[in-house]
Amino acid sequence: MNDLRATLTVELDRLREELFELLRIPSVSARSEHATDTRAAAEWVRDHMRRSGLESEILETGGHPVALGSWRGAGPDAPTLLIYGHYDVQPPEPLDLWSSPPFEPEIRDGRIYARGAADDKGQLFLHLAALDVILRTRGSLPVNVVVLAEGEEEIGSPNLLGFVQKYRERLGADAVVISDSAMFAPGQPSLLFSLRGLAYAEIRIRGARSDLHSGAYGGAVPNAATELARILATLHDAEGRVAIPGFYDAVVDWGTETRDGIASLPFSDEEFREGVGSPRLAGESGYSTLERLWIRPTCEVNGLLSGYTGEGAKTVLPAEAMAKVSCRLVPDQDPDRTIELLRSHVAAVASPGVVAEVVELHGGHPWRARLAGPFFEAARAALRDAFDVEPVLTGEGGSIPIVGEFERELGAPAILLGFALPGANMHAPDEWFPEAHLELGIETIMNFMQRAGQR
Ligand code: BES
Ligand code: ZN
């Protein structure tokens, strides 16, 4: 490792500059006006892998492309790692809440600020950089490697499962390695034991043919906004439990070992509450905050649209109302089944005076790690070496839709080692990644590859 660390020290400034180049590309997958930028980020990743000595190309998916790289010089007896990350980012809005422009990376107080710094360009880049440093130093890698960088993760990876099925042969690996999450706390590395899944839908309510005068018609004609509010109010009971019939049927019990492990982590509700700035915390009764975030499912309203929302008053009876609703899922809940349950529930509670429709947007399965095996142990040891602290096992409330599919399609375990920190503002203004984790992350990944190769 010493030779690799020495190269890393020499190359770090160049690598940081390269990451900044990638961060400057506004690859917002959700916005069609950024399609060219999104492709440019894929090409940037391809070119970087090429310069490091990997074979790499852009492959079409029907949506934003995949940048696929590979290096197979370790031979058929060495293990193969599939490194997955995403080069697309969330929209940066609201722009006025950023302290510096989202696509002009800037270092302040030891943090790299930019959209994608943590999610996920900064973390994808750790792997690209680790490959670059090892190949530059030694001319070969200790393992065979396939890198799959996708550009649609932030819109639900709609084309990736098809892509994985189509290129299954080329993606074959002994383990899938992903850095797209956070450590438990500063100085405290973690390995993920779970990710929640997602079922995302729109509830659309339609009343009269058009908006009406609220005086001339109000009281006699159903109000779409009021009807929607009533439906949304039925999604939870007084205990904070999701009240959609059947919602919990497939939820598996995690058992005391997981719950005890979670309880043993140093976590302060009060600090967490202060961090988010809300007057109180809320959630399903009977569970701690970390349990609510990691091992319990939710149903959340993500957006609302109806009636007049401009300046001043307009007396109007809305004919239409729409809510974006997403459920975070835990094993063994199924996204499609969850949407069906939501649909039946909405149909059952909607008043006959309106037409209520549930339209599925996208989804992803929850994932639970196998907490054993040579690659898991290699990751644990690599984190311990780099951070000088034993990693803890943590869950994750967010979702990475393809992780479960990778395991199913490729038969290889996924290892999730994240290097962002809590409060990294993923999807929010002032997203950041700790500057020191550029070096520590690259070091961890190089160490992991070494260990995986010695298996
Ligand atoms: N990197 C995140 C997942 C994540 C979030 C990990 C927070 C750790 C902490 C990922 O890019 C993401 O945001 N996923 C989306 C998936 C969705 C669009 C299908 C999510 O969780 O909302
Ligand atoms: Zn991400």
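The first residue of the sequence shown is numbered 1, and numbering continues consecutively from there. Order of appearance sets the numbers: ligands from 1, and atoms from 1 within every ligand.
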Exercise for the section: Taking the side chain as every heavy atom from C-beta outward, state whether Arg115 and Glu431 have any pair of such atoms under 4.5 Å apart. Expected result: yes

Exercise for the section: Kindly confirm or rule out an N or O of Arg328 lying under 3.5 angstrom from an N or O of ligand 1. Expected result: yes

Practice task
Of all the heavy-atom pairs spanning Arg170 and Arg72, show the shortest one and how long it is.
Solution key: O-NH2, 3.1 Å

Problem - Glu150 side chain to Ser157 side chain, donor-acceptor N/O pair below 3.5 angstrom - result: yes

Exercise for the section: Decide, yes or no, whether a salt bridge links Glu18 with Arg14 under the criterion of side-chain N to carboxylate O below 4.0 Å. Expected result: yes

Handout entry: His427 heavy atom under 4.0 Å from ligand 1
Key = yes

Handout entry: Where ligand 1 meets Leu198 - atom numbers and elements under 4.0 angstrom, heavy-atom basis
Key = 17 (C), 19 (C)

Problem - Sidechain N-carboxylate O distance under 4.0 Å for Glu60, Arg39 - result: yes

Practice task
Could you tell me whether Asp119 approaches ligand 1 through its side chain, its backbone, both or neither, with non-hydrogen atoms closer than 4.0 Å?
Solution key: side chain

Problem - Polar contact flag, side-chain donor to acceptor under 3.5 angstrom, Asp430-Ser99 - result: yes

Handout entry: Arg296/Glu291 ion pair, N-O < 4.0 Å
Key = no

Handout entry: Residue Glu257 excluded, over 12 heavy atoms near CD under 6.0 Å
Key = no

Problem - Distance filter under 4.0 Å to Gly156 heavy atoms, resulting ligand 1 atoms - result: 19 (C)

Practice task
Using distance alone, with no hydrogens and no angle criterion, decide if Gln333 and His365 have a side-chain donor and acceptor under 3.5 Å apart.
Solution key: no

Exercise for the section: Among all protein heavy atoms, pick out the one at the shortest distance from atom 9 (C) of ligand 1; state its residue, atom name and that distance to 0.1 Å. Expected result: Glu396 OE2, 3.0 Å

Exercise for the section: Identify, by atom number and element, the atoms of ligand 1 in contact range of His86, meaning under 4.0 Å from any of its heavy atoms. Expected result: 11 (O)

Fill in the blank from the handout: Looking at Met426, Glu153, Arg196, the heavy atom closest to atom 5 (C) of ligand 1 belongs to Met426

Exercise for the section: Let me see the working for His64 and Tyr87 under ring pair (Phe, Tyr, Trp, His ring centres under 6.0 Å), right down to the final yes or no. Expected result: CA-CA 10 Å; His64 300 300; Tyr87 64 78; 7.8 Å; no

Practice task
Could you say whether the N/O atoms of Asp180 and ligand 1 ever approach to under 3.5 Å?
Solution key: yes

Fill in the blank from the handout: Under 2.8 Å from the Zn ion (ligand 2), the protein N, O or S atoms found are His86 NE2, Asp119 OD1, Asp180 OD1, Asp180 OD2

Practice task
May I ask you to check if ligand 1 and Ser399 share an N or O to N or O distance below 3.5 Å?
Solution key: yes

Completion exercise
Within 4.0 Å of some non-hydrogen atom of Gly398, the atoms of ligand 1 are 21 (O)

Problem - ligand 1-proximal atoms of Glu152, by part, heavy-atom distance under 4.0 Å - result: neither

Problem - Under-4.0 Å heavy-atom contact with ligand 1, by part of Pro401 that carries it - result: side chain

Exercise for the section: Report the residue from Leu440, Leu383, Leu438 that forms a side-chain contact (heavy atoms from CB on, under 4.5 Å) with Phe419. Expected result: Leu383

Exercise for the section: Mind checking whether Glu154 contacts ligand 1 via backbone (N, CA, C, O), side chain (CB onward), both or neither, at a 4.0 Å heavy-atom cut-off? Expected result: both

Exercise for the section: Run through Ile402, Val89, Leu160, Asp180 and flag the one making a side-chain contact (heavy atoms from CB on, under 4.5 Å) with Glu153. Expected result: Asp180

Completion exercise
Taking every heavy atom of Pro65 against every heavy atom of Ala42, the minimum-distance pair comes out as CG-CB, 4.0 Å

